[in-house]
Amino acid sequence: MFSKILIANRGEIALRIIRAAKELGIKTVAVYSEPDRESLHTLLADERVCIGPAPASESYLNIPNIISAAEITKAEAIHPGYGFLAENPRFAEICEAEGLVFIGPPASIIKLMGDKNQARQEMKKAKLPIIPGSQNVIEDFQEAKKLAQKIGYPIILKAASGGGGKGMRIVTSPRQLEEQFSIAQSEAQAAFGNPALYLEKFLVSARHIEIQIVADKHGRVLALEERECSIQRKHQKLIEESPSPFLQAKTRKRMLRAAEEAAKAIGYQSLGTFEFLVDQDQKFYFMEANTRIQVEHPVTEMQYNLDLIKEQIRLASGEKLSLSPSQLPQGHSLECRINAEDPHNFVPSPGKIDFLVFPGGPGVRVDSAAYSGWTVPPYYDSLLAKIIVHAPTRQEAITKMYTALETMTIVGIKTNLPLHLKILSSTDFLSGRYDIQFLERFLAQGKAPQPKKA
Amino acid sequence: MFSKILIANRGEIALRIIRAAKELGIKTVAVYSEPDRESLHTLLADERVCIGPAPASESYLNIPNIISAAEITKAEAIHPGYGFLAENPRFAEICEAEGLVFIGPPASIIKLMGDKNQARQEMKKAKLPIIPGSQNVIEDFQEAKKLAQKIGYPIILKAASGGGGKGMRIVTSPRQLEEQFSIAQSEAQAAFGNPALYLEKFLVSARHIEIQIVADKHGRVLALEERECSIQRKHQKLIEESPSPFLQAKTRKRMLRAAEEAAKAIGYQSLGTFEFLVDQDQKFYFMEANTRIQVEHPVTEMQYNLDLIKEQIRLASGEKLSLSPSQLPQGHSLECRINAEDPHNFVPSPGKIDFLVFPGGPGVRVDSAAYSGWTVPPYYDSLLAKIIVHAPTRQEAITKMYTALETMTIVGIKTNLPLHLKILSSTDFLSGRYDIQFLERFLAQGKAPQPKKA
Amino acid sequence: MKSKIDYQEILKLINLLEEKKLTEFELEIEGFRIKLVREQSPRPSLVREQPSPSPSPPTPPQPAPPLSKEKAKNNLHYITSPMVGTFYRAPNPSSPPFVEIGDKVKKHQTLCIIEAMKLMNEIESDIEGLVEEILVKNGKPVEFGQKLFAIKPLSS
Amino acid sequence: MKSKIDYQEILKLINLLEEKKLTEFELEIEGFRIKLVREQSPRPSLVREQPSPSPSPPTPPQPAPPLSKEKAKNNLHYITSPMVGTFYRAPNPSSPPFVEIGDKVKKHQTLCIIEAMKLMNEIESDIEGLVEEILVKNGKPVEFGQKLFAIKPLSS
């Protein structure tokens, strides 16, 4: 086991890693940018090294300074957390070259999964279903019709040069395809100067569901039950839960086995997450794999009563998987991400926290580096705290979360607490009927908290 | 189920009850004394009523004002917490008379258990072993000798009028008894003006171990596995854990059955705790029963993954026991009581908390009504926060607690955090070898944190 | 300001210091030196400024009682409730109120009744004066320390 | 401003202080001296005053870096480390140091080397002046922004 590690991150995840390392008897080195001098990760680590000014590009992404910080403090390994350098294969390579253990998968796996298209093709070979569609652009209606027939309606036409939802048309029948294909081409030409289209199966009421993979360096791989992450806005997850209120037992079983087999096929090591879309018929499709710890990992920890960060560090040091496939998840867990942002327009709200009271009591977990009197710097992401609850049933977990957030107080900056309370008390959320479009619809319907009238 | 309850308490337990009630969908009424106007229990309840000035005798013990507060807010039940009126049978009677449900056992049981001597005799009838000894004072050496022979050495002689450890003599043989008896008599005469002595079996290396009882109004009783509470100073518990590192499986089984049977024998209802002394030979003796929720109840909650306060409220409303005897405790839990007091001389340290950071992360629970900026009033007890941890093994639980307390920061008032860290890292605690005298010895050996030299 | 600084100017300075939250002021002119240091007042608790972001904000059964240190305005004397209970202005529903606004009351004169645990407690005035304001409506609950009457003292 | 500063002028000064968010103002002219200190709104963090009550207090690898806003004393100019690494005063162990205390240094003159990731980075002076103090010992680690040399500028 390592005797000292450096944490190349900040905020709640850096603090989470510091605590896990301390519990393992490992000394910790924090790195920090100048405005993070009074951040909790800086203050609570055993040692600390300033690695640059505010901009992440000059501090938390400054590879030479981070590597040097590890060298001058004689750290043996680097934990990258999530974000920043966590999925940068070059950083993992440099760590290896400098004789530092990168706490994560080998650079080759990070690189493979980093190219999302290549990853999908690779995972298809490893027998993971991917969303059926054209691998290349389609320029001819007949070709489109043949492919659509093959993969089944509804399908979606996407402008090859498009993005952000523009130039997309959902088609439900061959006749509609005949009409829409040329319109979509003209639209793509007009919008992007290129008529080329992709064709893909359209997933009705899709869910974002992911599987946690834990793998050691000795070929053992274990898949842990899913996290349901469909409550999201612009791909930013807001609430995660486990188990999914939607997934059937047999689908879960198939997803777990498929993810485990795929991870084995590519020789996965360390922690990773396989993200899937699941359609209303419980068909699942691989989207991408994240080769790092996820923000929402506590949901799985609560279900299995385990510590994924400790396990990740142990695995990096060469230890065998300590988890057993016989360990079963229990009850229900929820995580709410409390962001420093205006709940009406999602504009970040950095600044001084004048007053802060976290929730507590049984079944309530707080992962946060925020404190009363701390100034949230404007340079980094707005995640302020993760509140995680665990209870025997989904209903009890939701009530517990609602109570926890209701009695949580932050004064001085704006947060999305009111939005969470609205979602948690909405009929659709309570009944578990939501898909990845839910939050956008919910916000569009004006269900988001309205600014108070003066 | 009740629709509104009043919490006749303050501090962390009031907040704990407020949260449990909210999770059950019950509205809450806080009562508060004038200096508790900005206390969290006052601020976070649905309604609040000022019941008097600072002295507890005029506020938290002011029965007419508390009953009136329940009446004007139309609360249906009163939760007394612990301390204050929690074990006052008259208060329970008045509640009943005023048509309010007292969330606790019937007044008759509170009264029975309130008289510690009577309770012991009653429990002896219910087949609970009590410490063998003279029921009345012994004035004659021959009588003492006969009794000592019967109960076995070592025995302890106690001045009938004594107290606080004065006038006590431990005797290990008949010959020693002959010498010591008259000396003890003279000493008792000199110290208290009364030569009368009690004789009792002396328990070597005794442990304070207690069993949680949960009973509904329909005759069902369940005993939950023990809490080990031997880390105490002047009968003030400081650290509690479960399971006890000392108790053998067969002793545990016998204690659980004995407590359950005794509770059934007297028709126990609601929550209660049977406190025992266990000697080095795993023999256990009933000391007393507490007819309320204990400060250290979270230890049991963590082990069983249940909510005792919610259960207590449900039982008071007439519901049946929701726990099943097949539910088994898991892993290991520890609780540390963080008090606002000088760790060197135990003098309370009220005042303004300038800065406060609680621990967090997986397996860490915080039960506290303290916050950054709050002024700890000097009028009530010094309990500031309970930090509770849960982990798969005792070793991991201790490491987790140590890390949690190491990263917990309180500025502005003195706390016993340094003492906790010393105990948690002491060889005796780590090996589980401690009895009820441990802490006094530990402090006497100068193992308590020393004040810093200027 | 010359060297002849006078009381009025110092007063103005002190007020300004407070208003502008200055903590220190020093002035030295040819043998004349003035230094002012203002004590930093403890920051008021922020809890009350913005309570928990609950969608159903806490609803106390009656208006929050005024801070006990609040300065009585216009030298009014307040009669506060010595107990928790229900406030009644008359001995029974068919009787006239004990007092009305404008009434002159003597020391020990009954002002109202507070019912607590089915007992009727007569609350007396502890001062001679004129009833300036009645702060609780008949039949409403009151908490300990809540202001009931504002009395304008009569100089005896 | 002579000795005839009046209330109006002080008021203007104080308003300016507030507007410009200054916390301190000091002026001294021919026997006249005025000093204003405005309350700082963000309370300084208390964390550093009393760190976690750990029995093994955190031990940073080097002295805590000075606050960047610290005022340079006596108009000294500080050369700070632009990177994390190891500080060397000489190009190699057998060579003499690049500079000694008292040396006059020119702009762009090499003052030291910082080794980072096995690369030797020459750190130059960005000012002409006299080496007043060398703040890090040879072979010791330095973090970003850490002060290395104090230079007394020479008026050019």
Side-chain angles (χ1 to χ4, degrees), chain A residues 12 15-25 40 43-45 297-298 301-302 305-310 322 330-331 353-374 385-386 388-392 396 398-404 406-409, chain B residues 12 15-25 40 43-45 297-298 301-302 305-310 322 330-331 353-374 385-386 388-392 396 398-404 406-409:
Chain A
E12 67 88 20
L15 189 55
R16 169 80 184 82
I17 298 163
I18 287 170
R19 285 183 174 134
K22 275 179 187 277
E23 288 183 26
L24 290 170
L40 269 196
L43 297 164
L44 293 178
H297 75 275
E301 293 183 326
M302 300 298 267
N305 197 16
L306 62 81
D307 189 319
L308 284 169
I309 302 277
K310 280 197 211 172
S322 77
Q330 288 188 325
I353 300 175
D354 292 314
F355 184 76
L356 173 68
V357 181
F358 278 129
V364 175
R365 168 177 166 186
V366 178
D367 277 30
S368 175
Y371 58 85
S372 212
W374 182 55
K386 302 184 316 202
I388 308 106
V389 300
H390 182 257
E396 286 168 279
I398 295 174
T399 315
K400 189 176 279 295
M401 180 64 88
Y402 192 90
T403 302
E406 209 186 348
T407 57
M408 175 169 172
T409 311
Chain B
E12 66 88 17
L15 189 56
R16 169 82 183 81
I17 298 163
I18 287 170
R19 285 184 173 133
K22 276 179 187 274
E23 288 183 27
L24 289 170
L40 268 197
L43 296 164
L44 293 178
H297 75 275
E301 292 182 327
M302 300 298 268
N305 198 16
L306 63 80
D307 190 318
L308 284 169
I309 302 277
K310 280 197 209 172
S322 77
Q330 287 188 325
I353 300 175
D354 292 314
F355 184 76
L356 173 68
V357 181
F358 279 130
V364 175
R365 168 176 166 187
V366 178
D367 277 30
S368 175
Y371 59 84
S372 210
W374 182 55
K386 301 184 316 202
I388 307 107
V389 300
H390 183 259
E396 287 169 280
I398 295 174
T399 314
K400 189 178 278 297
M401 180 65 89
Y402 192 91
T403 302
E406 208 187 349
T407 57
M408 175 170 171
T409 311

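Only this structure's heavy atoms are used, side chains among them; waters, hydrogens and symmetry mates stay out.
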Interface moiety of A:Glu12 toward chain B, non-hydrogen atoms closer than 4.5 Å: neither
Segment of A:Val364 engaging chain B (4.5 angstrom heavy-atom cut-off): backbone
Check: B:Lys22 and A:Thr407 side chains under 4.5 Å, non-hydrogen atoms: yes
Residue part contacting chain A, namely of B:Val357, when any heavy atom lies under 4.5 Å: side chain
Shortest non-hydrogen contact from A:Arg19 toward B:Thr403: O-CG2, 3.7 Å
A:Pro298 portion near chain B, given a 4.5 angstrom heavy-atom threshold: neither
Chain B contact via A:Thr399 - side chain, backbone, both or neither, heavy atoms under 4.5 Å: both
Value rounded to 0.5 Å, distance of CD in B:Glu23 from CD1 in A:Ile398: 12.5 Å
Interatomic spacing from NZ in A:Lys310 to NZ in B:Lys400 - rounded to 0.5 Å: 4.5 Å
Portion of A:Arg16 that has a non-hydrogen atom of chain B nearer than 4.5 angstrom: side chain
Residues which pass salt bridge (charged side-chain N to carboxylate O under 4.0 Å, His left out) with B:Arg365, listed by chain and number, not counting sequence neighbours: B:Glu301, B:Asp367
Considering all heavy atoms, the nearest B:Asn305-A:His390 contact: ND2-CE1, 3.6 Å
